[in-house]
**Student:** 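Structure below; questions to follow.
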Amino acid sequence: MTSLSDKLSHVVGQVFVDSELPAELGQVRVSDRPDLAQFQCNGAMAAAKLAKKNPRDIANDVVGKLQTQDVFSKVDIAGPGFINIDVTDDFLSAHLEMIRADERLGAGNSGQDQTIVLDYGGPNIAKPMHVGHLRAAIIGDSVRRIMKFAGFHTLGDVHMGDWGTHMGMIISEFIKTGDTDRILGLDLDDEAQIDALMKELGEMYPRVAGECKESETRKEEAREATVRIQNKETPYFELLQVIKAASVNGMRRNYATLGVHFDLWKGESDVHDYIAPMVEDIKANNHAVEDDGALIIPVKTEDDKKEVPPLILYKRDGGVMYGTTDMATLVEREKLYNPARVIYVVDQRQHLHFEQVFRAAKLTGIIPVGTELTHAGFGTMNGTDGKPFKTRAGGVMKLEDLIAMAEETAMKRLNEAALAEDMDADEKADVAHKVGIAAIKFADLSNPRVTDYVFDLERLTSFEGKTGPYLLYQAVRIKSLLKKAEAQGLAIPQADAFAIGDADRALALLLTEFPDAFNFALRDYMPHHLCEYAYRVASAFSSFYGNCHILSEEDEAIRNSRLALCAFTYEMLIQILELLGIEVPERM
RNA sequence: GCGCCCUUAGCUCAGUUGGAUAGAGCGUUGGUUUCCGGAGCCAAAGGCCGCAGGUUCGAAUCCUGCAGGGCGCGCCA
């Protein structure tokens with residue numbers, strides 16, 4: 001299955017081949033002059049250069065051959081050699097029927113069941129989740145959904161930070177204050193006790209971290225505790241388990257609220273035992289060198305224009321760094337899953353780090369050279385002042401506070417719009433939740449991953465314009481229409497339904513573009529292509545809806561076609577929003 | 001100092017392998033409802049695409065230089 005423009009490219013490409021020109025030149029795309037044509041092909045100009053001929057002559061030749069085919073209602077030449085193409089409504093209707101019947105809506109199975117691992121979590125235990133974790137979660141989960149839809153076997157890993165010096169700080173503090181037994185005695189099935197512990201940790205961590213900065217002795221205590229944890233000594237290791245269990249509980253809650261899914265709940269501690277043998281192997285293969293007391297892997301190459309620092313396996317003090325852990329994680333992933341790709345959805349600022357890790361992993365053979373390792377980095381979420389998003393007081397905003405704010409604003413919007421008025425409190429709260437999450441996610445996903453963006457809650461919760469709530473509103477409006485049709489006894493035709501005409505041609509053509517938008521999103525790990533497309537579908541529907549009657553249409557064939565088109569548009573929107581991780585309420 | 005990214009309408013941003021008249025949303029102005037959900041729809045105004053060169057039949061897009069902004073550059077993660 002392919003998009004309509006792919007299909008046409010094939011036809012036109014064949015004509016180019018017949019003229020002894022490369023098939024790629026026959027590439028057809030949606031016209032950027034919809035007033036002139038539905039599709040265009042610019043290959044004649046490029047061909048002119050190759051064949052040293054007049055572009056219009058080549059175009060003439062191609063057009064002559066295309067005009068004999070009955071899929072086209074118009075083929076002509078404009079300007080220096082643009083080939084403009086329209087398809088017949090019958091052909092369009094038939095194509096629409098095909099993608100409607102296809103579970104991938106024409107997008108094809110490019111994944112072929114290959115396994116890929118996605119890393120888009122990274123919260124530290126014992127610390128509250130904050131807005132910094134939001135983008136990784138939202139983008140990573142969407143990329144996972146997209147890849148799964150494309151036929152990949154996807155494994156999302158939360159990969160939490162549960163093994164570093166920050167744990168040493170906290171656990172050494174509990175030991176010092178004699179709170180060990182109290183912590184070990186906590187009932188982890190009791191939400192109240194978990195919340196109390198998390199609150200305590202939230203207060204404790206910044207204080208102890210500050211002390212460690214001030215005092216070398218305190219820092220040494222933390223460091224020593226870290227080693228004891230990593231040696232699994234009692235009660236250090238046991239304390240870690242309690243803190244971890246409580247933290248994971250909070251993480252699961254946060255991610256569940258966001259509707260973000262992970263297949264694997266692994267952490268840095270899970271790969272600790274891989275480190276020593278991995279380093280031995282690396283040393284045995286002469287990839288590691290001693291440097292100023294540290295053990296490093298040089299990863300710079302001859303043709304590097306920039307400085308690429310080595311990856312440090314062991315620090316001068318014998319401790320490991322996160323590059324070491326990332327390497328060990330790759331050892332485990334290779335062993336357990338043998339992935340075709342590993343994709344890291346992590347802050348763009350860590351790009352150099354990943355370049356080091358990827359080079360080291362390929363160099364040492366931990367990961368086969370043919371395996372794709374990608375850092376799909378993302379930019380910073382800024383406040384309306386253009387600086388990184390903070391609370392009014394200037395601190396880091398907790399994720400749950402941000403979500404609560406979004407839900408609150410969403411509720412305010414619903415009231416302003418007099419939406420969801422006849423609902424009971426629970427249903428309305430559920431709608432406000434879905435609207436709030438849709439607002440956050442759509443805003444985050446709708447700009448290209450790598451750029452920074454401005455998080456303006458007032459704007460992105462609006463029901464107007466290119467926002468998540470607008471998309472929900474449009475989807476719900478279609479659903480309402482479909483329900484009304486059902487109530488009137490009008491069945492949605494399941495096959496041979498489409499009879500596309502002037503009123504619905506634009507929407508029909510747009511619906512055939514799904515595979516194009518999808519494949520861009522898939523190729524670049526950039527969901528914003530789908531956001532853009534979803535918005536175009538929603539507004540094309542709105543335009544269609546405003547311009548013609550559907551239920552009251554008296555011609556049965558036209559009414560059936562339009563009903564089917566509404567139903568298909570609804571399915572399309574729901575599917576795209578699902579790929580973005582956005583849930584749509586039944587009504588609002 | 002070196003490297004990466006960014007600079008497009010008043011504001012927030014799209015723009016695929018170089019293609020026709022550079023697009024959205026918000027805001028502004030005007031129109032629109034005896035009918036399916038009008039926070040909708042239709043339309044208009046608004047641009048030396050940071051600046052200067054170059055390549056090309058053709059450049060927001062590719063190359064070079066400059067200016068402004070963000071980020072990163074070995075023992076934190």
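Treat the numbers as computed from the prediction; the structure is a model and nothing was measured.
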**Student:** Quick check: do Met381(A) and Leu134(A) have side-chain heavy atoms less than 4.5 Å from each other?
**Tutor:** yes
**Student:** I'd like to know if His351(A) reaches the base of C4(B) with its side chain such that a donor and an acceptor end up less than 3.5 angstrom apart.
**Tutor:** no
**Student:** Determine which bases of RNA chain B form Watson-Crick or G-U wobble pairs with both distances under 3.5 Å, and write the result as a 5' to 3' dot-bracket string with | for other-strand partners.
**Tutor:** (((((((..((((.....[...)))).(((((.......))))).....(((((..]....))))))))))))....
**Student:** OP1 or OP2 of C6(B) versus the side-chain N and O atoms of Thr451(A): is any pair under 4.0 Å?
**Tutor:** no
**Student:** Answer yes or no: is there an ion pair linking Arg587(A) with Glu427(A), defined by an N-O contact shorter than 4.0 Å?
**Tutor:** yes
**Student:** Using the closest heavy atom to pick a nucleotide of RNA chain B for each, name whichever of Met588(A) or Arg459(A) lands nearer the 5' end.
**Tutor:** Arg459(A)
**Student:** Between G23(B) and Tyr535(A), is there an OP1 or OP2 to side-chain N/O distance shorter than 4.0 Å?
**Tutor:** no
**Student:** With C1' as the reference atom in both, quote the distance from A44(B) to C62(B) in angstrom, rounded to an integer.
**Tutor:** 36 Å
**Student:** Using only side-chain N and O atoms of Lys213(A), determine if any of them is under 4.0 Å from OP1 or OP2 of C76(B).
**Tutor:** no
**Student:** Can the ring centroids of Tyr470(A) and Tyr535(A) be said to lie less than 6.0 angstrom from one another?
**Tutor:** yes
**Student:** Find every protein N or O atom lying less than 3.5 Å from an N or O atom of nucleotides 71-74 of chain B, and list the pairs.
**Tutor:**
residue: G74(B); atom: N1; partner: Asp291(A); partner atom: OD1; Å: 3.3
residue: G74(B); atom: N2; partner: Asp291(A); partner atom: OD1; Å: 3.4

**Student:** What's the gap between G31(B) and G50(B) when it is taken at their P atoms, as a whole Å value?
**Tutor:** 37 Å
**Student:** Just call it for Gly546(A): base, sugar-phosphate, or nothing, with non-hydrogen atoms closer than 4.0 Å on any strand.
**Tutor:** nothing
**Student:** Distance between the C1' atoms of G15(B) and G54(B), in whole angstroms?
**Tutor:** 24 Å
**Student:** Side-chain N or O of Ser543(A) versus OP1/OP2 of C42(B): is the shortest distance under 4.0 Å?
**Tutor:** yes
**Student:** Do Asp326(A) and His353(A) have side-chain N/O donor and acceptor atoms under 3.5 Å apart?
**Tutor:** yes
**Student:** Using OP1 and OP2 only, check whether a side-chain N or O of Ser542(A) sits under 4.0 Å from C42(B).
**Tutor:** no
**Student:** Out of Glu214(A), Glu216(A), Glu221(A), Glu220(A), which one pairs with Arg218(A) under the salt bridge (charged side-chain N to carboxylate O under 4.0 Å, His left out) rule?
**Tutor:** Glu221(A)
**Student:** Decide salt bridge (charged side-chain N to carboxylate O under 4.0 Å, His left out) for Arg359(A) and Glu355(A); before the verdict, give the C-alpha distance in whole Å, the side-chain angles of both, and the deciding distance to 0.1 Å.
**Tutor:** CA-CA 6 Å; Arg359(A) 286 187 187 197; Glu355(A) 189 164 357; 3.0 Å; yes
**Student:** For Phe358(A) and Tyr344(A), I'd like to know if the aromatic rings sit close, meaning centre-to-centre distance below 6.0 Å.
**Tutor:** yes
**Student:** Would you indicate what Asp456(A) reaches in the nucleic acid, counting non-hydrogen atoms under 4.0 angstrom: base, sugar-phosphate, or nothing?
**Tutor:** nothing
**Student:** With rounding to the closest Å, how many angstrom separate the P atoms on G38(B) and A20(B)?
**Tutor:** 37 Å
**Student:** Does a side-chain N or O from His353(A) land closer than 4.0 Å to OP1 or OP2 of C76(B), or not?
**Tutor:** no
